[in-house]
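See below for the structure under consideration.
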Protein chains: 2
Amino acid sequence: MLGRGTSFNRFFRHRRQFNKLSGATSEHQRTNENHSYYKYAYIGGAATAGVLGFKHFVKTAKLDHAKDETMSEKKLENLQIYKQEEVKKHGKDADRIWVTYKDGVYDVTDFIAMHPGGDKILLAAGAAVDPFWALYSQHKTKEVLEILEGYRIGKLDVKDVPKIDFEDLSNIKTENHRLTVETIKGKTVDLSVEELKKKYKSYTIGSVIQCAGNRRADMNQYKKVQGLMWEGTAISNAEWTGVRLRDLLADAGIDVFDDKIKHVHFEGADVDPTGTPYGASIPIEKARGDEVIVAYHMNGVDIPRDHGAPLRVIVPGNVGARQVKWLRKIIVSEKESDSHWQQKDYRAFSPAVNIGDELKWNTVPSIQEYPVQCAICSPAPNTKVDRGDETVDISGYAWSGGGRGIIRIEVSVDGGETWNSVEMEQEEKQDQEHMYAWTLFKAEVKIPPGVKEFNIIAKAVDRAYNTQPETASGIWNVRGLIHNAWHRVPIIVKD
Amino acid sequence: MLGRGTSFNRFFRHRRQFNKLSGATSEHQRTNENHSYYKYAYIGGAATAGVLGFKHFVKTAKLDHAKDETMSEKKLENLQIYKQEEVKKHGKDADRIWVTYKDGVYDVTDFIAMHPGGDKILLAAGAAVDPFWALYSQHKTKEVLEILEGYRIGKLDVKDVPKIDFEDLSNIKTENHRLTVETIKGKTVDLSVEELKKKYKSYTIGSVIQCAGNRRADMNQYKKVQGLMWEGTAISNAEWTGVRLRDLLADAGIDVFDDKIKHVHFEGADVDPTGTPYGASIPIEKARGDEVIVAYHMNGVDIPRDHGAPLRVIVPGNVGARQVKWLRKIIVSEKESDSHWQQKDYRAFSPAVNIGDELKWNTVPSIQEYPVQCAICSPAPNTKVDRGDETVDISGYAWSGGGRGIIRIEVSVDGGETWNSVEMEQEEKQDQEHMYAWTLFKAEVKIPPGVKEFNIIAKAVDRAYNTQPETASGIWNVRGLIHNAWHRVPIIVKD
């Protein structure tokens with residue numbers, strides 16, 4: 001197994017000062033400015049890239065700086081204290097919208113358009129986000145809290161701080177959890193986790209989970225996009241163990257070759273305050289494949305809560321958004337899931353569609369298989385190297401969707417004029433037609449003569465000879481999804 | 001069905017004056033300079049692109065010019081007459097190598113390195129190619145003959161012209177043709193064409209056949225490659241009817257889910273002078289798919305000879321080289337085909353491997369699924385347009401391997417800075433997950449202001465959000481295979 005062991009760490013970097021959307025942003029767009037926050041837990045939480053030397057992605061310089069500005073002990077002491085009734089005046093129809101979290105008061109007006117969950121944030125306007133976050137526990141990470149702190153305006157009167165047993169609400173008890181399979185005849189399979197483990201044969205597969213927003217920050221450098229500014233770290237690789245989805249379907253009396261069945265839907269146990277669960281679907285051709293499992297182990301142990309305990313559907317080769325966590329329901333259908341995350345997000349528009357244009361979601365298909373991807377993890381951008389060293393050590397990952405193995409990775413230090421193939425490390429148990437785990441690479445690249453700075457570029461080729469575009473020019477899209485242009489890392493040469 | 005009706009026409013353009021390989025080219029390379037000629041028949045012959053306005057590809061200006069130089073009646077009259085015994089002196093060990101074809105004498109020394117069949121051409125050195133071409137009938141096209149005419153040095157004495165009944169040799173009689181399926185137990189299915197038609201259910205599928213050398217001429221413009229200089233016309237689309245390969249395999253007692261079976265081999269009835277038939281294989285996962293058929297009809301009629309009569313295996317979504325014509329044998333195996341065309345051609349090297357480097361064929365996989373492709377068919381490169389017209393009408397095709405439907409096509413006239421999505425025409429019977437037919441497009445593009453010339457660029461995105469690279473920079477390979485960079489058509493603006 002590649003890259004296990006650090007699977008529970010999260011490595012990413014969040015730019016606090018990302019592009020503010022103009023005040024003219026329509027409500028419609030706000031709605032589309034959705035789910036990346038959630039992905040943070042759905043997917044990003046699984047990031048295991050640390051093993052590769054992703055340290056630069058966790059550099060906390062910017063975050064610490066933010067903290068300095070907004071959270072220093074001194075400043076916190078001096079913060080104004082608000083009563084709940086004052087906060088209440090800043091509800092969804094107010095000029096400035098406030099929320100509270102624990103004892104903090106936040107003016108989130110400027111954040112609404114950037115909220116990955118869209119205007120759902122308004123459900124908490126003038127009130128506490130605590131009950132929402134108790135359900136959407138993915139918010140409760142150091143990084144999200146740091147973003148929130150950027151909007152801090154004061155402290156809530158200690159008497160008004162909500163008393164909620166967050167942990168109880170956010171935990172799903174494995175012993176009570178049940179998974180059901182629904183057909184047109186109704187609920188035909190209804191199992192506890194233990195029953196599931198006992199009843200079906202288990203399979204283990206090394207598989208990447210990548211967020212459609214991975215490398216969005218790169219795309220944003222080409223031209224502004226909407227979403228949280230992921231670097232190349234919204235990706236993970238782990239070994240998952242569970243039962244084949246098709247065995248479950250067969251047990252439910254479903255013929256996976258029945259022409260009427262076109263899609264398989266998944267529902268998570270995480271519901272929003274309106275009771276709507278997270279949902280997604282995959283085509284039946286994928287669902288009946290060998291590789292799709294309902295997993296209960298991640299890297300040989302029970303799946304941790306943030307990764308979807310006790311059950312998560314693993315759809316190797318597809319985008320993370322379809323690999324539903326906290327899985328409680330499987331439904332076969334003639335139609336795609338009508339979930340928000342299937343229909344109104346995770347679809348990449350044409351570069352012809354710009355910020356402010358109407359987003360015609362039904363004109364683009366839901367993202368399923370991922371295209372070929374490659375990123376350099378080390379060194380960090382703008383690393384200073386000594387010319388005397390002559391070479392720079394680099395490492396990174398590559399991966400492609402649909403089980404298409406990486407057949408080679410090339411590196412250039414002259415803008416793509418010449419290339420060198422690099423050494424690859426691949427999952428031994430998988431072949432090029434069924435490669436769901438990532439490919440790691442390492443190389444020693446020569447510092448080009450006579451330059452003060454240069455870019456290290458890496459790119460990969462998959463089994464179907466798919467390649468990556470040179471820049472974001474042809475793939476730029478308003479939500480910054482599926483950025484897979486050549487990865488460029490600028491290096492500074494000290495003479 | 002898209003694009004049928006003109007399926008039997010061939011549309012392409014051959015640059016007579018393509019790059020001559022240096023005299024230093026090693027024998028090894030010559031061997032690798034193989035099969036495109038054959039593809040000419042294997043694949044190119046199926047080109048149906050005329051429907052799209054491929055006229056510029058058949059412009060005969062260059063060819064006519066060549067003809068003027070070498071074949072004018074006047075010149076032919078003046079040609080020297082050689083006896084067979086003189087030709088014989090120019091055998092494979094001579095300084096200058098001659099061959100004859102009908103009554104023509106040709107000095108092919110400079111062509112040997114470019115011969116797609118490698119040094120097999122030497123088998124005819126100092127003698128007639130007629131017996132070889134009787135078998136490799138794909139040579140007998142107007143275009144190949146025109147290439148040959150470029151090397152004409154004289155006329156063969158009428159008494160020495162070989163008498164061969166070419167037509168008899170090159171025809172396979174449908175009524176005598178048999179198809180066999182071989183397993184480790186031996187020949188388990190042995191059928192006539194009529195028996196095959198009667199015994200199994202028939203299926204019809206619209207499918208593209210694309211040569212791995214399609215658009216090689218484009219790649220050659222970036223940097224010199226080896227092979228015949230195809231423009232974007234080594235591709236076709238037709239409706240094929242036949243029986244499922246997996247039904248044939250089942251009938252032969254083969255369990256297509258048997259772990260020991262990894263590949264299915266195909267053998268054609270066309271053998272080279274040493275008796276070796278054309279061969280290729282596909283992975284079993286592909287072979288057992290719904291879409292793979294042994295076809296007997298092309299566009300509703302018996303497959304014409306040049307397209308593989310009476311039987312051809314159609315592998316929708318894969319490269320043309322695996323869709324073996326004149327099919328006579330199917331063999332299941334643990335190994336890939338060890339045919340020359342599977343092992344020593346149709347594999348794309350890294351841009352790090354240059355002309356003259358050793359080609360380590362086993363370091364790159366055989367091409368199977370094709371990546372996403374797109375080309376503008378009309379207008380022709382360097383078309384002159386009137387500024388007063390304001391717009392230019394364009395049309396073209398897009399397609400991707402693995403059944404991945406084209407989800408959109410975009411066009412740019414400012415180098416890729418801005419794009420417009422264009423109208424697409426797709427096979428109605430196929431969905432985005434199973435789209436094997438090509439997607440046609442038409443658009444009216446605006447002539448940009450204030451320019452004397454500009455490029456029209458087109459590119460496509462497939463169902464897995466695979467895209468095309470901007471240029472050949474990252475995909476260039478020594479054999480010029482699978483060129484799928486953005487297609488650019490230069491246009492001249494007359495004020």
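Side chains included, hydrogens not; waters and symmetry mates left out as well; all remaining heavy atoms used. To find a chain, count down the sequence lines: A is the first, B the second, and so on, and within it residues start at 1.
- For A/Tyr222, the part lying near chain B is the side chain, with the backbone staying farther off; criterion is any non-hydrogen pair under 4.5 Å.
- Both the backbone and the side chain of B/Gln368 have a heavy atom closer than 4.5 Å to some heavy atom of chain A.
- The choice from B/Gly401, B/Ala352, B/Gly474 that makes the most heavy-atom pairs within less than 4.5 Å of chain A is B/Gly474.
- Contact of A/Ile482 with chain B is made through the side chain alone, with heavy-atom distances under 4.5 Å.
- For a residue to count as touching a neighbouring chain, one of its non-hydrogen atoms must lie under 4.5 Å from one of that chain's; by this rule B/Ser421 touches chain A with backbone and side chain alike.
- Note: B/His434 leads B/His434, B/Glu433, B/Lys286 in heavy-atom pairs under 4.5 Å with chain A.
- For A/Tyr465, the parts lying under 4.5 angstrom from a heavy atom of chain B are both the backbone and the side chain.
- With 3.5 Å as the limit, one finds a donor-acceptor pair spanning the side chains of B/Asn354 and B/Lys223.
- Both the backbone and the side chain of A/Thr467 come within less than 4.5 Å of a heavy atom in chain B.
- Contacts between A/Trp476 and chain B at a heavy-atom distance below 4.5 Å are absent for every atom of the residue.
- At a 4.5 Å heavy-atom cutoff, the contact between A/Pro365 and chain B is made by backbone and side-chain atoms alike.
- The residues B/Glu334 and B/Lys262 are annotated as not salt-bridged, no charged nitrogen and carboxylate oxygen being separated by less than 4.0 angstrom.
- Both the backbone and the side chain of A/Thr471 come within less than 4.5 Å of a heavy atom of chain B.
- Interface remark: A/Gln468 contributes backbone atoms only to the contact with chain B (heavy atom separation under 4.5 Å).
- With A/Ser473 contributing its side chain and B/Gly416 its backbone, the two residues share a donor-acceptor pair below 3.5 Å.
- For A/Glu470, the parts sitting under 4.5 Å from any heavy atom of chain B are the backbone and the side chain alike.
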